Enquirer: 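Quick one: the structure is below, and I'll ask about it shortly.
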Amino acid sequence: LQRGLFSSLRDLFERVRLDRDVLEALDRAGAFDRLEDRRKGLYQVGVLAHTAQPGQHSLFEEAVPAPPFPDLATMERLAWDFSLKGYSEHGVHPVDLYRNQLLELGAVPLEQLRHAGSHVRTAGLVVARQKPPTAGGFAFWLIEDGLERAQIVVSPGLWKAQREVLRDSRLLVAEGVLGREGKAWTIRAEGLTGVA
């Protein structure tokens, strides 16, 4: 960076050879927040990609102004952050956006499982799915809610009955028998509901 910090997306585009899809992913992840709003940044990347090759000067002297875009909604920002980086530095977890709805459904936050009885309803963001061939048809889903995680054990019968919910849900409500192995929570699921 002998020429100093980048002053704009156009400056970055003309000085660095990065493909359009890489620039768009970096913009969605917030890498250019200091330079440009994310929606306007995506627009600028598209315009620049049509006027020059990355690492070359644009044919046009003036940058094309972006049309007015609505502000990026919190949910969209979180979705982009989590899909591209796996986290968000905005201090909001995706489950927080559904917290009131989950409480209305009777879902205990994972951090409160230690105070719950043996039968519990809880919810979390699905972060891992396994259905090993050696498990006799059982499936294992891992959900998380901020810093806490719990494993959901799904029987073959429940798998068959709730296959679409298990396949499609990113946020899962699980009801069943609560257990603990070491520091890990396990819920032997009796019922499942997809929220998002």
Side-chain angles (χ1 to χ4, degrees), residues 21 24-31 33 38-39 42 70-196:
D21 57 341
E24 288 177 347
L26 287 168
D27 182 75
R28 279 192 195 96
D33 283 354
R38 293 185 195 189
R39 284 191 199 278
L42 284 176
D71 290 338
L72 192 64
T74 302
M75 190 62 171
E76 280 180 292
R77 183 181 301 271
L78 283 175
W80 285 2
D81 284 348
F82 275 87
S83 69
L84 292 161
K85 299 182 287 190
Y87 70 93
S88 177
E89 60 277 336
H90 299 287
V92 179
H93 190 275
V95 176
D96 293 337
L97 300 175
Y98 296 92
R99 187 73 61 201
N100 290 338
Q101 182 182 355
L102 294 172
L103 291 173
E104 287 175 9
L105 291 171
V108 175
L110 293 176
E111 65 183 19
Q112 295 178 13
L113 287 181
R114 66 182 55 84
H115 306 295
S118 61
H119 195 271
V120 68
R121 177 181 289 164
T122 191
L125 187 69
V126 176
V127 293
R129 298 172 168 96
Q130 286 187 334
K131 193 169 187 285
T134 57
F138 281 84
F140 307 92
W141 260 225
L142 186 64
I143 61 171
E144 65 115 14
D145 175 2
L147 299 176
E148 299 292 331
R149 290 184 168 198
Q151 178 176 259
I152 310 299
V153 179
V154 182
S155 68
L158 188 58
W159 166 267
K160 188 175 181 181
Q162 296 290 317
R163 187 171 180 176
E164 279 111 19
V165 169
L166 288 163
R167 180 192 66 206
D168 299 337
S169 299
R170 293 178 300 149
L171 183 59
L172 189 66
V173 177
E175 185 171 358
V177 179
L178 179 65
R180 186 161 186 145
E181 295 177 19
K183 294 183 178 181
W185 292 109
T186 301
I187 298 156
R188 205 169 58 240
E190 296 170 350
L192 299 165
T193 306
V195 176

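Bear in mind that the values here come from a model prediction, so they are computed numbers and not experimental data.
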Enquirer: CD of E190: more than 12 outside heavy atoms within 6.0 angstrom?
Expert: yes

Enquirer: Taking side chain as C-beta onward, heavy atoms only, is E111 less than 4.5 Å from L147?
Expert: no

Enquirer: Determine which pairs satisfy ring-ring contact (aromatic ring centres under 6.0 Å, His included) with at least one residue from residues 95-133, sequence neighbours left out, and list them in order.
Expert: none

Enquirer: Tell me the ring-ring contact (aromatic ring centres under 6.0 Å, His included) pairs involving residues 123-160, sequence neighbours left out?
Expert: W141-W159

Enquirer: Within the 4.5 Å heavy-atom criterion, are R28 and L42 side-chain neighbours or not?
Expert: yes

Enquirer: Please find the pair of heavy atoms, one from G194 and one from S169, that lie closest to each other, and give the distance.
Expert: CA-OG, 3.1 Å

Enquirer: Using a cut-off of 6.0 Å, state whether more than 12 heavy atoms not belonging to R163 lie near its atom CZ.
Expert: no

Enquirer: Hey, what do you get for OG1 (T193) to CG (L172), rounding to the nearest 0.5 Å?
Expert: 7.5 Å

Enquirer: Can you confirm whether L103 sits close enough to P109 that some side-chain heavy atom of one is under 4.5 Å from a side-chain heavy atom of the other?
Expert: yes

Enquirer: What's the shortest heavy-atom distance between V173 and R121, and which atoms?
Expert: CG1-CG, 3.6 Å

Enquirer: Can you tell me how far CG of N100 sits from CG of L105, rounded to the nearest 0.5 angstrom?
Expert: 11.0 Å

Enquirer: Which residues pass the side chain to side chain contact (heavy atoms under 4.5 Å, CB included) test with R149, not counting sequence neighbours?
Expert: V127, L142, E144

Enquirer: Would you find more than 12 non-hydrogen atoms of other residues, nucleotides or ligands less than 6.0 Å from D71 atom CG?
Expert: no

Enquirer: Got a sec, which residues hit side chain to side chain contact (heavy atoms under 4.5 Å, CB included) with D33, two or more places apart in sequence or on another chain?
Expert: R38, R77

Enquirer: Would you say the side chain of T122 lies within less than 4.5 Å of the side chain of D145, judging by non-hydrogen atoms?
Expert: no

Enquirer: For L178 versus G117, what's the shortest heavy-atom pair and its separation?
Expert: CD2-O, 3.6 Å

Enquirer: Please tell me if the side chains of L158 and R188 come closer than 4.5 Å, counting only heavy atoms from C-beta onward.
Expert: no

Enquirer: So, R39 side chain and P70 main chain: donor-acceptor pair closer than 3.5 Å or not?
Expert: yes

Enquirer: Decide if atom CZ of R170 counts as having more than 12 heavy atoms of other residues, nucleotides or ligands within a radius under 6.0 Å.
Expert: no

Enquirer: Mark yes or no for whether T186, through its side chain, and Q151, through its backbone, hold a donor-acceptor pair below 3.5 Å.
Expert: no

Enquirer: With A25, which residues qualify under side chain to side chain contact (heavy atoms under 4.5 Å, CB included), at least two apart?
Expert: L84

Enquirer: For A174 and I152, which heavy atoms make the closest approach, and how far apart are they?
Expert: CB-CD1, 3.7 Å

Enquirer: Scan for ring-ring contact (aromatic ring centres under 6.0 Å, His included) pairs involving residues 166-196, sequence neighbours excluded, and state none if there are none.
Expert: none

Enquirer: If I compare all heavy atoms of I143 with all of A123, which pair ends up nearest, and what's the gap?
Expert: CD1-C, 3.8 Å

Enquirer: side-chain contact (heavy atoms from CB on, under 4.5 Å) for L110 and V95? Distances and angles first, verdict last.
Expert: CA-CA 11 Å; L110 293 176; V95 176; over 6 Å; no

